[in-house]
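Step one of this worksheet: look at the structure below.
When a ligand or atom number is given, it counts from 1 through the structure's own listing order. Quantities reported herein were computed from a predicted structural model and do not represent experimental measurements. Side-chain atoms are counted along with the backbone in the values below, which use heavy atoms only and exclude waters and symmetry mates.
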Amino acid sequence: MIPRIALTPGEPAGIGPELAVKLANAGSTAQIVAVADPQLLEQTAAQLRQPLKLLPFDPRAPATPTPSGSLYIQPVSMAEPAQAGRLNTPNAPYVLETLRSAAEGCLARRFDALVTGPVHKGVINDAGIVFSGHTEFFAELAGVERVVMMLAAEELRVALVTTHLPLKDVSAAVTGPRLEQIITILHRSLRDQFRIETPRIGVCGLNPHAGEGGHLGREEIEIIEPALDKLRALGLQLIGPLPADTLFTPPQLARCDAVLAMYHDQGLPVLKFKGFGHAVNITLGLPFIRTSVDHGTALNIAGQGVADNGSLQAALAEAIQLAKLRSL
Ligand SMILES: NC(=O)C1=CN([C@@H]2O[C@H](COP(=O)(O)OP(=O)(O)OC[C@H]3O[C@@H](n4cnc5c(N)ncnc54)[C@H](O)[C@@H]3O)[C@@H](O)[C@H]2O)C=CC1
Ligand SMILES: NCC(=O)COP(=O)(O)O
């Protein structure tokens, strides 16, 4: 099977376009279809003095590998030319159109998977469009109530109960039904997509010391433990809730196939310390495969040609592997 992978380079003023050009240089056994503005990619390649040939994408033709120095293209036009490092609100709808077009292609099975580059959440909101992240955007577009953000690096997988939420709202969002949905999706994905027969999931508490027996918060006793007990009764292998600073130690991690953190900055700093630069963000629970980079738009280095594309390569490799496994 030759997987057909949609690639959205993301924010045009960020490092996404140059990472796409670097990715093209290596070629691929998969068919990589950039859903982007062709002029942006050609201009970026010229600035970096890298070769780039954009090949027309025909969804009716059989998938073919991507020759090195090339990308297939499904064009979407920017409103205005992009300048590296300078955000421009008129181009925000373009960014979302690339995401929508690529995701609809996945839903229609024109693509086997979607790999996304980084978007700038701030500039999209500054343009008057409510947007908190790809994860939430794709869930809404696909009509799915709940998805799970999981980042994976080497031997560590970290999934999140809440994603792009102000810290003051986290406690109220950690509810029994939400935990049950998230853990069920995580368990099924580890089993069915990642082929782990009996996944073991370590669950962090919300409070310091997992609430210290109720003296430092009662969410563990009143919400998290009852939800875990319900799922254990169904046969799920769940460890915890443990204090996050205990769970993220090597002996505990050795007992887990994935760690579930209650909020973004409880889990992701640990994951990035372990694997920044080659970690992959995977959305679980969508009706299509979506992987992404572990970093943001890096406006401070955009256009300089120094951005590392290890995470984009890893995201592509993971998407190809998941697409091949799904086709078996
Ligand atoms: N997948 C996505 O769409 C993501 C988007 N973001 C968005 O990115 C924007 C900027 O976020 P920041 O917190 O500044 O994080 P950032 O990841 O863009 O930058 C943090 C630091 O890491 C460096 N860096 C990032 N990627 C790099 C690469 N590939 N090679 C070399 N150095 C790299 C940057 O130069 C900067 O010094 C925000 O709007 C955020 O929402 C953040 C994370 C993921
Ligand atoms: N920190 C991870 C991140 O912000 C990526 O979010 P998303 O855009 O993939 O939903």
Side-chain angles (χ1 to χ4, degrees), residues 7-23 36 44 48 84-89 91-92 95-96 98-100 102-103 113-127 129-142 144 146-153 157-167 261 263-286 288-316 318-319:
L7 168 69
T8 54
E11 167 54 46
I15 59 175
E18 63 196 74
L19 295 183
V21 170
K22 285 186 183 175
L23 197 72
T44 305
L48 298 177
R86 294 206 175 183
L87 295 169
N88 188 17
T89 50
N91 280 333
V95 172
L96 293 187
T98 64
L99 304 186
R100 194 194 55 72
L114 167 56
V115 177
T116 59
V119 299
H120 197 282
K121 297 161 177 74
V123 76
I124 298 173
N125 283 281
D126 287 346
I129 305 164
V130 177
F131 177 85
S132 57
H134 292 92
T135 306
E136 301 83 352
F137 179 86
F138 292 138
E140 192 179 336
L141 191 141
V144 177
R146 191 71 69 202
V147 294
V148 178
M149 184 191 291
M150 182 176 87
L151 274 82
R157 296 185 189 93
V158 177
L160 305 179
V161 175
T162 58
T163 51
H164 298 116
L165 202 61
L167 196 50
Y263 56 94
H264 189 280
D265 285 4
Q266 185 181 52
L268 296 194
V270 183
L271 187 285
K272 290 197 181 186
F273 182 70
K274 175 98 177 151
F276 188 61
H278 52 265
V280 182
N281 176 353
I282 306 151
T283 312
L284 311 177
L286 281 174
F288 57 87
I289 296 164
R290 181 256 169 168
T291 67
S292 189
V293 290
D294 64 2
H295 55 78
T297 49
L299 297 174
N300 57 329
I301 57 168
Q304 296 173 20
V306 298
D308 185 283
N309 80 338
S311 178
L312 186 60
Q313 280 178 336
L316 175 66
E318 185 72 46

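- Atoms of ligand 2 lying under 4.0 Å from at least one heavy atom of Gly133, given by number and element, are 8 (O), 10 (O).
- Among all protein heavy atoms, the one lying closest to atom 8 (O) of ligand 2 is His134 ND1, 2.7 Å.
- Nearest protein heavy-atom contact of atom 1 (N) of ligand 2 is His264 NE2, 2.9 Å.
- Panel note: side chain His164, backbone Ser132; a donor-acceptor pair is recorded below 3.5 Å.
- Sorted by chain and number, the heavy-atom contacts of ligand 1 below 4.0 Å come from Ile15, Pro118, Val119, His120, Lys121, His134, Phe276, Ser292, His295, Gly296, Thr297, Ala298, Asn300, Ile301, Ala307, Asp308.
- The part of Arg290 lying near ligand 2 is the side chain, judged by heavy-atom distances below 4.0 Å.
- The side-chain hydrogen bond (donor to acceptor under 3.5 Å, both in side chains) analysis of residues 290-304, with sequence neighbours excluded, yields the pairs Thr116-Arg290, Thr116-Ser292, His134-Arg290, Thr283-Arg290, Arg290-Ser292, Asp294-Ser311.
- With hydrogens and angles disregarded, no donor-acceptor distance shorter than 3.5 Å links the side chain of Glu18 to the backbone of Ile15.
- The distance from the OG1 atom of Thr135 to the CD1 atom of Ile282 is 11.5 Å, given to the nearest 0.5 Å.
- Of the residues Val95, Asn91, Asn88, the one that meets the side chain to side chain contact (heavy atoms under 4.5 Å, CB included) test with Glu11 is Val95.
- Every atom of ligand 2 is numbered from 1 in the order shown, and the set under 4.0 Å from a heavy atom of Met149 is 6 (O), 10 (O).
- In terms of heavy-atom proximity, Leu299 sits nearest to Gly14 at CD2-CA, 3.9 Å.
- Enclosure of atom CZ in Arg86 is not indicated, since only 12 or fewer non-hydrogen atoms of other residues, nucleotides or ligands lie within 6.0 angstrom.
- Side chain of Lys22 to main chain of Gly305: a donor-acceptor pair is present (N/O by atom type, distance under 3.5 Å, no hydrogens or angles).
- Considering backbone and side-chain atoms alike, His164 places an N or O below 3.5 Å from some N or O of ligand 2.
- For atom 5 (C) of ligand 2, the nearest protein heavy atom (residue, atom name, distance) is Asn281 ND2, 3.5 Å.
- Relative to atom 10 (O) of ligand 2, the option among Thr135, Val147, Leu271 with the closest non-hydrogen atom is Thr135.
- Nearest heavy atoms, Asn125 versus Lys121: ND2-O, 2.8 Å.
- Closest heavy-atom contact between Val119 and Gly10: CG1-CA, 3.9 Å.
- Contacts between Leu268 and ligand 2, counted as non-hydrogen atom pairs separated by less than 4.0 Å, involve the side chain only.
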